[in-house]
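Please read the structure below before turning to the comments.
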Amino acid sequence: MPDWSYHPLKKLILNKLSPKTSREFIHKSMSTIASIPGGRNLIEFLGHMKAPQELQKEIQYSGFPSPIGLSGHLDPNLSGLNAFQVLGFGFIEIGPIVVKKPKIESEPKIENSQILFSNYHEKVPLKQVIKKLTTLNMQIPILAKIDTQVTRNEWDIIVQHLTPFVDGFIGTSEQINSFVANNAVCLEHSFYVSISTKDMNNIELNTRKLLRHPSIGGFVINAPRQTEDSYWYESGYANECLAKIVKEVKELSPEIIVITSGGVETPEEARTLVHAGADLLILTDGYVKAGPGLPKRIHERLLYEKIRPIETQNWFWSFLFGLSILIGGIIALYFAFTSVILPYDESFIGLTRTNILQVNPLILSFMSHDRMALAGTMMSGGILYIQLARHGIKNDMHWTRIAFHSAAIVGFIGIFLFIGFGYFDWLHGLFWLILLPIYHFSYKEGKKITGAPFSSHGKNDRVWQYGLYGQLLFIMLGFMILVGGIVISTIGVSKVFVSTDLSFLCMTPQMLDHISNNLIPVIAHDRAGFGSALISVGLLVLMISLWGFRKGERWIWNTLCLGALPAFIAGIGTHIYIGYTTFIHLLPVYFLVILYLLGLVLSYPFLKQK
């Protein structure tokens, strides 16, 4: 559930449910998707959430794919555990863990858009933890937070049973002093001392005392809290307070591992804590407010600090591939406006252009409208490929390589749709033969493109929120173009015509067959080819919208704005040109134009602002 779907759904549905109900709905839904075959690939396709390699860390002999983790407070039932590891998190905190579930528990509540956690918050029984961890293939580290009220005997039971499954334990300073620090045996995993900002006055004494034991790995510093009746929430100055304390601790003991819990709602706040010296960050209610895309946005913000000057990659062949398709579209548009059919079309049909005009001039007009639409779609595709080459592949953006080649391969496969009715267009075949070597070299130069995206944007401001809605509209646009291409291709290789087509022609398929048995195959090949081109363009728009939206990426807005124009102008203009203006036939195109215009307006401040 990326941010562009989370925030609209949150406003429409989730905010009207209780916090626990909405939490379990989202967690179970995402975990179900992650559990089905191909589910994780779908999540990765929608969000590209995987942390970049540059942010990987090794702490206490455990590899952390990312310094960003999630608090156990947000998933006390472990219902989202399977999904979180594919949402960009580098580790997960589970707990508070108890041996037996307490009789009194209170779920969170929301007041004035603020999440309030109960002092008697939900806890996780040990049996549930073991059952969950034995059934899941966890690929990221887990830190087990032990409840503050457990006894010495319960502590030993929890640690003994969870040692094979987790990478570290979190406990209070009192628990560490009583149960770990005086134990001469060095345990297998590290223990982290959970402390609040109020307990940091004697941090020097506590630090020196605790760090004498080899099993003490470091501190988990919790954000300052404010209480309201029997509930608590994070203070508004949590980030500043945490950054100050982390800096003091690191100045005192640079080698100590410091983990912060809370105080992060924006990428900029995460950057502040990392700059102060925090080794790992645990997200709490800020994750709920900002959305599931927060880890990814933090990664991009942190990567922006690490990035070296970009080395320009080879992009000539990719550019030439897009330019060839653009030129091919222009040529196709010229023929669609002039002769419509070519000599080899006439030879296959068995009728000349003049013969067809004498039988029914609307036949050529109808064929012209399909070929104009194909030409406009090719021109749009060419512009999108060119922009991906100029601004993405050239600048080592890995996601642009995936988008470019996924759509190109689908386009090449689409040539088989041209012969669905037994008619092979030699001009199309020659065109693809010319494109094949160009694409071969484009694919080879694309293998070196491995760079991860980065961004300096660090706020959850109104411009960002509008940008999410603009992104959602463009994703809908790309998806609907893709679906439309599949539908048109299917019609092209099956029944060929829809009812409005036959009304425009004033003829039935049988009448067309009576004119020439080869007339419908030529029309079908045009229709299937147009559908195939739409599929490629739909994929390009969809992937650019899914993966390219970052503040200040002006080229993304320009690409979507310019790239759609030829297809829309040709799609609507050709119908007006031939007089085929049936409202129900053009309704899908009108709807797509509305999505396009609204998407441009809403995303303009986000993408075009430097």
Side-chain angles (χ1 to χ4, degrees), residues 27 31 34 51 56-87 89-101 122-173 175-176 179-181 183 185-195 210 213-222 257-261 279-284:
H27 290 178
S31 290
Q56 292 181 1
K57 286 190 171 187
E58 184 170 328
I59 297 176
Q60 305 295 342
Y61 305 107
S62 294
F64 290 76
S66 159
I68 311 301
L70 186 68
S71 170
H73 286 302
L74 299 185
D75 189 23
N77 293 330
L78 307 182
S79 55
L81 204 57
N82 192 36
F84 290 137
Q85 57 184 331
V86 291
L87 293 179
F89 288 106
F91 67 101
I92 300 292
E93 177 195 71
I94 59 174
I97 300 171
V98 293
V99 174
K100 293 183 179 180
K101 196 171 184 67
E122 302 155 284
K123 300 177 183 180
V124 195
L126 178 61
K127 286 185 178 180
Q128 183 180 348
V129 176
I130 295 174
K131 181 180 179 181
K132 198 74 175 180
L133 294 182
T134 52
T135 57
L136 293 179
N137 179 24
M138 295 300 297
Q139 300 174 355
I140 57 176
I142 295 177
L143 301 182
K145 183 176 183 179
I146 302 178
D147 187 61
T148 59
Q149 303 300 319
V150 302
T151 63
R152 171 61 184 266
N153 185 49
E154 291 174 332
W155 173 282
D156 291 339
I157 292 173
I158 292 172
V159 171
Q160 180 182 359
H161 282 81
L162 291 186
T163 294
F165 303 104
V166 304
D167 298 83
F169 294 92
I170 301 173
T172 65
S173 58
Q175 290 173 328
I176 301 296
F179 306 153
V180 178
N183 192 336
V185 179
C186 181
L187 298 175
E188 184 176 342
H189 292 314
S190 294
F191 288 81
Y192 297 93
V193 185
S194 176
I195 51 179
L210 289 170
H213 194 280
S215 287
I216 306 301
F219 291 103
V220 177
I221 305 176
N222 297 290
I257 300 300
V258 175
I259 306 172
T260 62
S261 180
D279 297 284
L280 300 174
L281 312 178
I282 298 176
L283 303 182
T284 55

| said: Test of understanding: with side-chain contact (heavy atoms from CB on, under 4.5 Å), list the residues that count as partners of Q139, not counting sequence neighbours. | reply: R40, Q85, N137
| Is there a donor-acceptor contact under 3.5 Å from the side chain of D75 to the main chain of G80? | yes
| note | Interatomic distance, CD1@I158 vs CG@N153, rounded to 0.5 Å, equals 10.0 Å
| field | Gap separating the CD1 atom of I59 from the CD1 atom of I259, nearest 0.5 angstrom | value | 6.5 Å
| task | Would you indicate whether the side-chain heavy atoms of L78 and V129 approach each other to under 4.5 Å? | result | yes
| message | So, using ring-ring contact (aromatic ring centres under 6.0 Å, His included) as the criterion, who are the partners of Y192 when residues are at least two apart? | response | none
| A51: partners by side-chain contact (heavy atoms from CB on, under 4.5 Å), with sequence neighbours left out | S66, H299
| said: To the closest 0.5 Å, what do you measure between CZ (F165) and CG (L136)? | reply: 11.0 Å
| request: Please name the pair of heavy atoms, one in S190 and one in Q60, separated by the smallest distance, quoted to 0.1 Å. | output: OG-OE1, 3.3 Å
| query | Of the non-hydrogen atoms in G90 and P65, which two are nearest, and what is the gap between them? | reply | O-CD, 3.2 Å
| message | H73: which residues meet the ring-ring contact (aromatic ring centres under 6.0 Å, His included) condition with it, sequence neighbours left out? | response | F117, H121, W232
| field | Side-chain touch Q128/V124, heavy atoms, less than 4.5 angstrom | value | yes
| message | Once rounded to the nearest 0.5 Å, what's the spacing between atom CG of L162 and atom CD1 of I142? | response | 9.5 Å
| In terms of ring plane angle, is the pair F191 and W155 parallel, tilted or perpendicular, where the classes change at 30° and 60°? | parallel
| message | Can a donor-acceptor pair be found, under 3.5 Å and without considering hydrogens, that links the side chain of Q175 to the backbone of D147? | response | yes
| message | If you count every heavy atom of other residues, nucleotides or ligands that lies below 6.0 Å from K127 atom NZ, does the total exceed 12? | response | no
| field | For A144 against I97, the heavy-atom pair lying closest together | value | CB-CD1, 3.7 Å
| query | What heavy-atom pair brings V258 and I221 nearest, and what distance separates the two atoms? | reply | CG1-CD1, 3.8 Å
| task | Could you pull out the closest heavy-atom pair between S31 and N82, with the gap in Å? | result | O-ND2, 3.6 Å
| message | Quick check for you: to the nearest 0.5 Å, what is the distance between I282 atom CD1 and I92 atom CD1? | response | 9.5 Å
| request: Decide yes or no for M138 and L81: does some side-chain heavy atom of the first lie under 4.5 Å from some side-chain heavy atom of the second? | output: yes
| said: Which residues pass the side-chain contact (heavy atoms from CB on, under 4.5 Å) test with Q56, not counting sequence neighbours? | reply: Q53
| task | For K57, look at atom NZ and say whether over 12 heavy atoms of other residues, nucleotides or ligands are found less than 6.0 Å away. | result | yes
| request: Only counting residues at least two apart or in another chain, list the ones meeting side-chain contact (heavy atoms from CB on, under 4.5 Å) with P76. | output: R23, E122
| So, do L133 and V166 sit near enough that their side-chain heavy atoms are less than 4.5 Å apart? | yes
| message | Determine whether a donor-acceptor pair (N or O, by modelled atom type, separation under 3.5 Å) exists between the side chain of T284 and the backbone of S71. | response | no
| Roughly how far apart are I216 CD1 and I257 CD1, rounded to 0.5 Å? | 13.0 Å
| Checking D167 side chain against L143 main chain: does a donor-acceptor pair fall under 3.5 Å? | no
| request: Return the minimal non-hydrogen interatomic distance between K145 and E93, and the atom names on each side. | output: CD-OE2, 3.7 Å
| query | Should H161 and T163 count as side-chain neighbours, where that means a heavy-atom distance under 4.5 Å? | reply | no
| Do the side chain of K123 and the main chain of K101 share a donor and acceptor less than 3.5 angstrom apart? | no
